[in-house]
Number of protein chains: 2
Amino acid sequence: MSTGTTLANIRNLLHQSGFKLTPQREATVLVLLENEKDHLSAEEIYMLVKKKSPEIGLATVYRTLEMLTELKVVDKVSFNDGLSRYDVRKEGAKHFHHHLLCLECGSIEEVEDDLLGDVELIVEKKYHFLVKDHRLTFHGICSKCQLKKKEQAVLDKEAAATTLP
Amino acid sequence: MSTGTTLANIRNLLHQSGFKLTPQREATVLVLLENEKDHLSAEEIYMLVKKKSPEIGLATVYRTLEMLTELKVVDKVSFNDGLSRYDVRKEGAKHFHHHLLCLECGSIEEVEDDLLGDVELIVEKKYHFLVKDHRLTFHGICSKCQLKKKEQAVLDKEAAATTLP
DNA sequence: TTTATATTAATAATCATTATAAATTAAAAA
DNA sequence: TTTTTAATTTATAATGATTATTAATATAAA
């Protein structure tokens, strides 16, 4: 549980922004807070929220996520798989966290390090582009799949050795 | 027209990879090469290809783009708008080019500068993640919309001044 | 020239997401 | 506390980007 972004904070924000706090919205926020590291899709969030708010409809989850995204409570990220993922924004975070997307198993890991340094300033000055946010995703192979591939390579080698007369 | 990635190169690559060179595929590649800077969606590409290959179907464009993406001739990028965009990959490019996405008008500009330096190495070493590619997108306001906003602010100010008694 | 099979067009289907309209409810007002 | 208002929800339909299917067509190797 992040020290900054809490249910109470989000309640306040909704109120200040003129939105009502419904049980469905609260359940959705709770699920997001409980699963901060998981980069859940809307459908996944829906399934989890349903356990807290069984009558909820998928469309409501989508609406809630959209509202939270516009309020900048939540970050929405698209990878190349046709799904959007939703993360609670770390309050006070200086930059958006980055993602490591495994091309083999589809797992997504977070990188909190500030990898960009002053790049936003460079972009603003050189390209006259007022930067509000950014997204950085690395596509590659996670350590687990790298291990798997090594093991598989070993097995393949042994199988070939066994086959030889 | 990039000096590296040409129709001839792509023809060779298709052949070497065991794919046939159909007029539809050729037309698609031509459109992509002619519109390198434009970050076209599948639908936009389809409309352009149709001018060269009037009988072509949208599904064929999708299939061709998918094949070119798998062959790494084309890069597919997703922003948060539900569409995928397709760019010809610059042959020999050391890194993927970056994007400036304007939140106001939706325009997309390219950044060719290498903004990341050795970040991929850092990620590989620290996170044990074998990096194959990356995507970096800046969300913000383009210079045109910044100008527009300034002009609008000026107009608003004048309107307010006119209204005052 | 023939053959094999990759590829296409036309159409249907899928799926993530959004729209719709009646019903419900949160919270402000009385 | 009750009433009112309009925001919000549910259930369902609709949308649009993309993929699957199948008969027809076409590329390129033999």
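None of these values were measured; they are calculated from a predicted model. Throughout, protein chains are lettered first and strands after them, A, B, ... in sequence-line order, and every chain is numbered starting at 1.
Remark: A:Lys144 does not engage A:Glu109 in a salt bridge, criterion side-chain N to carboxylate O under 4.0 Å. Looking at A:Glu26 and A:Arg11, a side-chain N of the basic residue comes within less than 4.0 Å of a carboxylate O on the acidic one, giving a salt bridge. Salt bridge status for B:Glu104 with B:Lys148: absent, with no side-chain N to carboxylate O gap under 4.0 Å.
Using a 4.0 Å heavy-atom cutoff across all strands shown, B:Ser41 reaches no nucleic acid atom at all. Using a 4.0 Å heavy-atom cutoff across all strands shown, A:Ala59 reaches at least one base atom of the nucleic acid. When heavy atoms are screened at a 4.0 angstrom cut-off, A:Glu43 is found touching no nucleic acid atom at all. Within 4.0 Å of A:Arg63, counting heavy atoms only, lies at least one base atom of the nucleic acid. Residue contacts shown for A:Leu58 include a base, since a base heavy atom lies under 4.0 Å away.
Side-chain atoms of A:His139 and A:Asn80 form no donor-acceptor pair, as typed in the model, at a separation below 3.5 Å. For B:Thr60 and B:Arg63, the side-chain atoms include at least one donor-acceptor pair closer than 3.5 Å. Side chain to side chain, A:His128 and B:Gln146 fail the donor-acceptor criterion of an N or O pair below 3.5 Å.
Atom CG of A:Asp81 is separated from atom C1' of D:dT18 by 13 Å (rounded to the nearest Å). Going from atom OH of A:Tyr62 over to atom C1' of D:dA11 covers 16 Å, rounded to whole Å. One can place CG of B:Leu83 at 12 Å from P of D:dG16, the figure rounded to the nearest angstrom. One interatomic measurement links the two molecules: CD of A:Glu55 to C1' of D:dT12, which rounds to 16 Å at whole-angstrom precision. A straight line from CE of B:Met47 to P of D:dG16 spans 15 Å, rounded to a whole angstrom. Here D:dT9 presents its C1' atom at 13 Å from CE of A:Met67, a figure rounded to the nearest Å.
Here the closest heavy-atom approach between residue B:Arg89 and residue B:Lys72 is recorded as CD-O, 3.5 Å.
Residues passing the salt bridge (Lys or Arg N to Asp or Glu O under 4.0 Å) test with A:Asp38, sequence neighbours excluded: none.
Of the listed nucleotides (D:dT8, D:dT18, D:dT10), D:dT10 has the atom at the smallest distance from the side chain of A:Ile56.
At least one side-chain heavy atom of B:Leu32 sits less than 4.5 Å from a side-chain heavy atom of B:Thr28.
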**Message:** Strictly under 4.0 angstrom, non-hydrogen atoms only: write out the protein contact profile of nucleotides 24-30 of chain D, one letter per nucleotide from the 5' end, B, S or -.
**Reply:** ---BSS-
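Contacts between chain A and DNA chain C, taken as any atom within less than 4.0 angstrom of a protein heavy atom, begin and end at C:dA16 to C:dA28.
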